[in-house]
There are 2 protein chains.
Amino acid sequence: MGYKHNKEDILEVGYQVIRKNGYHHVGINQILKEAGIPKGSFYNFFESKEDFAIQVIQYYGEGNRSWLKGIFQESTETPINTLKSFYKLLIGYNEDDNFCSGCLINNMGNETGRLYDSLAKETKEQFDHWLDLIAEIVKKGQEAKEITNRFGAKEIANYLHSGFYGTFFKMKVERSRKDMDTWLKMTFEFIRA
Amino acid sequence: MGYKHNKEDILEVGYQVIRKNGYHHVGINQILKEAGIPKGSFYNFFESKEDFAIQVIQYYGEGNRSWLKGIFQESTETPINTLKSFYKLLIGYNEDDNFCSGCLINNMGNETGRLYDSLAKETKEQFDHWLDLIAEIVKKGQEAKEITNRFGAKEIANYLHSGFYGTFFKMKVERSRKDMDTWLKMTFEFIRA
DNA sequence: ATCAAATTAGACCAAATGGTTTAGTTTTGA
DNA sequence: TCAAAACTAAACCATTTGGTCTAATTTGAT
């Protein structure tokens, strides 16, 4: 039957709350309350807030990685359109979310990257895994002569996703998708073969 | 003679501390200690922590704006090279800073943009002023046929600076300028006429 | 059935948080 | 010169922070 609470549920709540509010702005008590678990259980599963954050990043990173994999595998479009649709999808998700949260990885990296080596390391690792998947599609696009060959596939993948992260700043302060749409339009003009 | 403390000194300290550590991670007491002022003086100048943050953003935004103006005015290079040198300079500053802090505006926008309307508004405003200055140079570059005409000057300016912000994530978690250099190389290939 | 391990529960803790208050000191301008 | 305004100083406050502790309960393996 298992016990009453389990790690994944706490991680899911933590992921949502931290993504929306940031790391330092969120206290453990808040997560506890929203997850409906007592403190004893939390510290049974996690050593500290920092340890919890690492596992949240892992949880989100891995979940997202398999989601990505699925999306790319199932796509029936050409490589460059697969990528474009993917970013369109992400923009849509952020719109549904009222342009509030952005990406946990980007948020955590920017807020805590220089403060805690442990979080920086985990953040970077998960991001790199995503990049590998994106780079695969970029490479296919290059082979299909859809995407420029002037730069390496991994370089372009990084350019894409980091560039996308750059749009979160304005998304959050303007609460609008306008800049994300412009970014999409321009970037995919630029990387075209 | 004036009083012992003045707003600007506190703002300068606050700017440094918040840029490096974020908004929620920094307590007023820490700023007080580093600025060497008692709490009474602080709350004489500022209504609240939030009010203080707004003024820090303003202070930094305006200071940076005139700095930018000077740089662009004094530049003897062609428009596109003026811009490239400018971003090279920024990358250098971040290197000197051990890739720690990034940009206050980007940090604050990402950390607090959706949490406090007041901070979002001020952040967006200062960013927009910068963008106007960058767009001026972009326009000159377009007129000189150095920069692509496929997109508007303001669009390109936004693309440049937001893209640059996107590189901060990896800068912080990798503590390296590698990705920023790659971004520079690629972006200026892309926007070329 | 029993027992050790895992989990639950929440009271408790010291330290830090943003902020208020009160009292005193300087400065300014009429 | 002198009163009002601006500023300094720090003790104080309720609340919240991350984290500990102890005791009870539940679980799975034997």
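Lettering of chains follows the sequences in order, A, B, ..., and the numbering in each one begins at 1.
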Checklist entry - Can you find a donor-acceptor N/O pair under 3.5 angstrom joining the side chain of Tyr3(B) to the base of dT26(C)? => result yes

Could you give the [atom1]-to-[atom2] distance, from [X] to [N], as a whole number of Å?
{"X": "Phe46(B)", "N": "dT20(C)", "atom1": "CZ", "atom2": "C1'", "value": "18 Å"}
{"X": "Lys7(B)", "N": "dC7(D)", "atom1": "NZ", "atom2": "P", "value": "9 Å"}
{"X": "His5(B)", "N": "dT25(C)", "atom1": "NE2", "atom2": "C1'", "value": "12 Å"}
{"X": "Asn44(A)", "N": "dT7(C)", "atom1": "CG", "atom2": "P", "value": "5 Å"}

Next on the checklist: Per the ring-ring contact (aromatic ring centres under 6.0 Å, His included) rule, what does the pair list look like for residues 132-155 of chain B, sequence neighbours excluded?
Outcome noted: Phe190(A)-Phe151(B)

Checklist entry - If you check every side-chain atom of Pro38(B), which of dA9(D), dA5(D), dT8(C) has the closest atom? => result dA9(D)

Checklist entry - Where the side chain of Lys4(A) is defined as all heavy atoms beyond and including C-beta, which of dT27(C), dA9(C), dA9(D) is the nearest nucleotide? => result dA9(C)

Checklist entry - Hey, can you pull the residues of residues 109-117 of chain B with a non-hydrogen atom under 4.0 angstrom from DNA chain C? => result none

Item to check | Within residues 145-154 of chain B or reaching into it, pairs that qualify as salt bridge (Lys or Arg N to Asp or Glu O under 4.0 Å) - sequence neighbours excluded | outcome: Glu189(A)-Arg150(B), Asp132(B)-Lys154(B)

Checklist entry - Going by the salt bridge (Lys or Arg N to Asp or Glu O under 4.0 Å) test, which pairs reach into residues 178-187 of chain A, not counting sequence neighbours? => result Lys170(A)-Asp179(A), Arg177(A)-Asp181(A), Lys185(A)-Glu155(B)

Next on the checklist: Please enumerate all residues that pass salt bridge (charged side-chain N to carboxylate O under 4.0 Å, His left out) together with Asp51(A), with sequence neighbours excluded.
Outcome noted: none

Checklist entry - salt bridge (charged side-chain N to carboxylate O under 4.0 Å, His left out) with Arg175(B): which residues, sequence neighbours excluded? => result Asp117(A)

Next on the checklist: Is it the case that over 12 heavy atoms from other parts of the model lie below 6.0 angstrom from the NZ atom of Lys84(A)?
Outcome noted: yes

Next on the checklist: Suppose we screen for ring-ring contact (aromatic ring centres under 6.0 Å, His included). Which residues come up paired with Tyr87(A), at least two apart in sequence or across chains?
Outcome noted: His161(A), Phe164(A), Trp183(A)

Checklist outcome for this item: Those residues at least two apart in sequence (or on a different chain) that pass ring-ring contact (aromatic ring centres under 6.0 Å, His included) with Phe72(B) are Phe86(B)

Checklist entry - Could you run down nucleotides 11-24 of chain D 5' to 3' and tag each one B, S or - for protein heavy-atom contact under 4.0 Å? => result ------BBBB----

